[in-house]
Amino acid sequence: MAYSRRAVIFGGAALAALAGGAYTLYRLPNYLNSCLRRRAKRDLSVRIGMLIGHRDSAAVIGERYLALAERPSERSPHALTAAMGRDMQIDLGTLDALGDAKLGATIARQITADFEHERVVSISGWLLSRTEARICALAALTWPGLFTK
Amino acid sequence: MPDKSAIDADVCIVGAGAAGIGIAREFINTPTQVAVLEGGGLEFDQRTQSLYEGENIGLETFPVDANRLRFFGGTTNHWAGHSRTLDAIDFEQLDALPMSGWPISKADLEPYYRRAEYVCELSSVDDQDIDGLTSRLKLAALELDVTRLQSVVYKQSPPTRFGHVYRDELERAANVRVYLNANALELQCNVEGTVVEGVDVACIDGPRLRARANMFVLATGGIENARILLLSNKPNPAGLGNASDLVGRYFQDHILLRPAAEIIFSKMGVDLSLYHELSPLEGGDVFSVLAPSEGLIRSEGIGNFRLHIIRPQRMSALGEGSLRAIKSAVRERRFASARAHLRNIMSDLDGIAELTYKCIANAPIPDENHVLAAQLHLVLQPMPDPDSRVTLSGTRDLLGQRRVAVNWQVRERDLANARRAVELAALEVGRLGLGRAFAAILDDASRWPSNLEAGRHHCGTTRMSTDPSNGVVDGDCLVHGVSNLYVAGSSVFPTIGYANPTLTIVALALRIADTIKRRLNF
């Protein structure tokens with residue numbers, strides 16, 4: 001059977017496309033992973049939660065905070081972040097636009113203000129700033145267990 | 001002395017503790033003949049001490065006799081020496097503090113405080129001037145929110161054992177005679193009960209006597225003063241000075257929590273030596289404690305209190321236990337030490353103002369064995385309560401006299417005040433960035449922590465008031481309705497503030513001495 005030159009060119013291109021596509025498909029999970037990880041890092045809830053490097057410690061404190069009877073409305077990253085924004089009287093978009101160092105400094109000032117204005121919680125007898133308890137809760141909720149690289 | 005002998009004097013002082021010795025000394029080398037009756041000897045004796053035994057029918061705190069000493073010098077024989085004047089607000093009538101308000105002001109007592117400080121061998125530094133103190137000692141005070149808490153000056157007596165320090169002076173005094181092992185049984189009055197004519201006295205296994213005088217001072221301590229008045233039941237069966245049923249009532253003692261809270265520091269090198277070390281200044285040692293501001297007392301109606309900052313050897317089981325409880329709520333996880341979690345959190349968060357969050361998240365934490373920690377000890381003024389009281393029990397002592405029954409009570413309001421005091425300290429610890437505080441009372445505000453103690457400062461049982469229906473003695477400590485009987489000691493305190501009572505006891509005693517001198521036309 002004779003193939004036309006056009007058929008060969010188009011067929012080759014199709015195969016190449018398929019091969020390229022197949023290669024792309026093969027590499028898609030890693031690519032998606034890195035895209036999603038970058039997306040997760042940019043999420044404000046995650047960024048705030050990542051202020052604490054000792055994630056297991058945060059989980060212990062944070063889960064106890066979330067178990068407090070008066071906190072049912074805060075059992076999601078979004079609710080926690082929104083609550084923090086309200087206390088700080090800062091728009092979440094503005095907060096998210098801060099670089100990491102400035103975000104940390106803003107949070108630190110808020111913790112001091114919490115003690116000044118008695119926005120505190122007792123976690124099994126330890127008096128903590130409400131903000132730091134929420135950060136612990138965020139860390140516990142947003143630890144990206146799937147994205148471990 | 002032979003049985004049924006008489007002791008005659010111009011002034012008869014019953015009791016040779018801080019108050020009794022303080023008054024007696026004021027009459028040395030005067031024309032006044034003074035007799036001092038001391039139930040014990042020069043040294044501790046168990047049989048004599050047994051006369052202080054009684055029933056504790058209130059809170060389980062301490063045996064009734066264990067905090068009082070019945071020998072020459074009285075309870076100063078085991079006095080710790082902590083001293084401070086009462087605050088001006090402690091003398092005021094406050095709406096939030098029932099039955100508050102002394103009939104005298106701090107200004108009335110101020111000249112006597114200065115003299116009392118000399119008697120108690122204290123520093124002469126002004127205990128109202130913390131700034132002057134820190135400046136002279138070159139020690140830093142915490143930068144507290146003074147609308148909440150403030151650092152205040154506290155003084156440390158050597159401590160002065162009155163029986164030891166003033167024995168020679170009294171022995172040499174020709175006009176003062178101290179009678180040892182002379183236990184006062186009751187006061188005998190005229191038929192109307194308006195004049196004390198004598199004191200019946202007994203020695204264990206010895207003679208019974210009567211002491212006669214023109215003026216009498218009852219100075220046997222916060223519990224025994226009430227007991228003797230209740231035992232003096234002729235002509236009034238309810239007791240001498242007890243027309244208003246107040247003798248023995250409003251018994252108050254400082255409420256102690258030791259520790260009340262524990263702090264773990266998030267930064268190294270916090271200098272608290274002003275608070276937990278003694279510094280010599282102007283003839284005595286001084287240190288500082290935390291106390292509420294006057295504004296806070298007025299706005300919140302909280303009882304006055306003080307907090308000592310103590311550096312412990314190690315973290316107590318309380319804080320560690322709490323963190324274990326947190327850990328146990330997360331059963332799948334396994335952690336070496338729950339306390340480390342809180343410190344990890346603090347090391348992360350407290351430093352984020354200084355470093356990028358990544359650097360701090362990876363920062364090493366202090367070794368657990370070297371973590372800095374401190375305890376807070378709380379001393380709290382109780383709310384006066386008429387049902388917290390000293391009465392007579394059905395049992396009798398070696399001399400046949402009815403013993404006391406002590407019913408010390410604290411109330412929900414006291415618990416709320418204790419919690420608030422601890423909370424204020426924890427708030428300041430956090431606000432100052434020092435670290436974080438743990439307190440059992442912050443975890444469960446519905447009951448007292450298991451380490452609730454009494455301060456062993458027995459007060460209020462013969463309270464002062466210008467109104468006989470509200471007090472046993474008047475502003476001069478003269479018993480209402482009795483023209484020649486004064487009561488000296490902490491039993492006259494209507495409210496007790498947070499300061500240890502000894503300095504105020506001595507100040508009031510010196511004031512009584514001056515009052516008696518005026519009556520004797522000195």
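So that the names make sense, note that chain A is the first sequence line, chain B the second, and so on, each numbered from 1. Below, all heavy atoms of this structure are taken into account, side chains as well, without hydrogens, waters or symmetry copies.
A salt bridge between R148(B) and E116(A) is absent, with no side-chain N of the basic residue lying under 4.0 Å from a carboxylate O of the acidic one.
Atom CG of L127(A) and atom CD of E423(B) lie 6.0 Å apart (nearest 0.5 Å). Taking CG of D114(A) as the reference point, atom CG of L427(B) lies at 10.5 Å (rounded to 0.5 Å). The distance from the CG atom of L432(B) to the CZ atom of F115(A) is 10.5 Å, given to the nearest 0.5 Å.
When heavy atoms are compared at a cutoff of 4.5 Å, A437(B) approaches chain A solely by way of its backbone atoms N, CA, C and O. For E428(B), no part lies near chain A; criterion is any non-hydrogen pair under 4.5 Å.
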Inset, instruction - Could you please spell out the steps behind the salt bridge (Lys or Arg N to Asp or Glu O under 4.0 Å) verdict for E132(A) and R436(B)? - result: CA-CA 12 Å; E132(A) 63 189 345; R436(B) 296 296 179 269; 2.7 Å; yes
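A donor-acceptor distance shorter than 3.5 angstrom exists from the side chain of S122(A) to the backbone of L442(B), with no hydrogens or angles considered.
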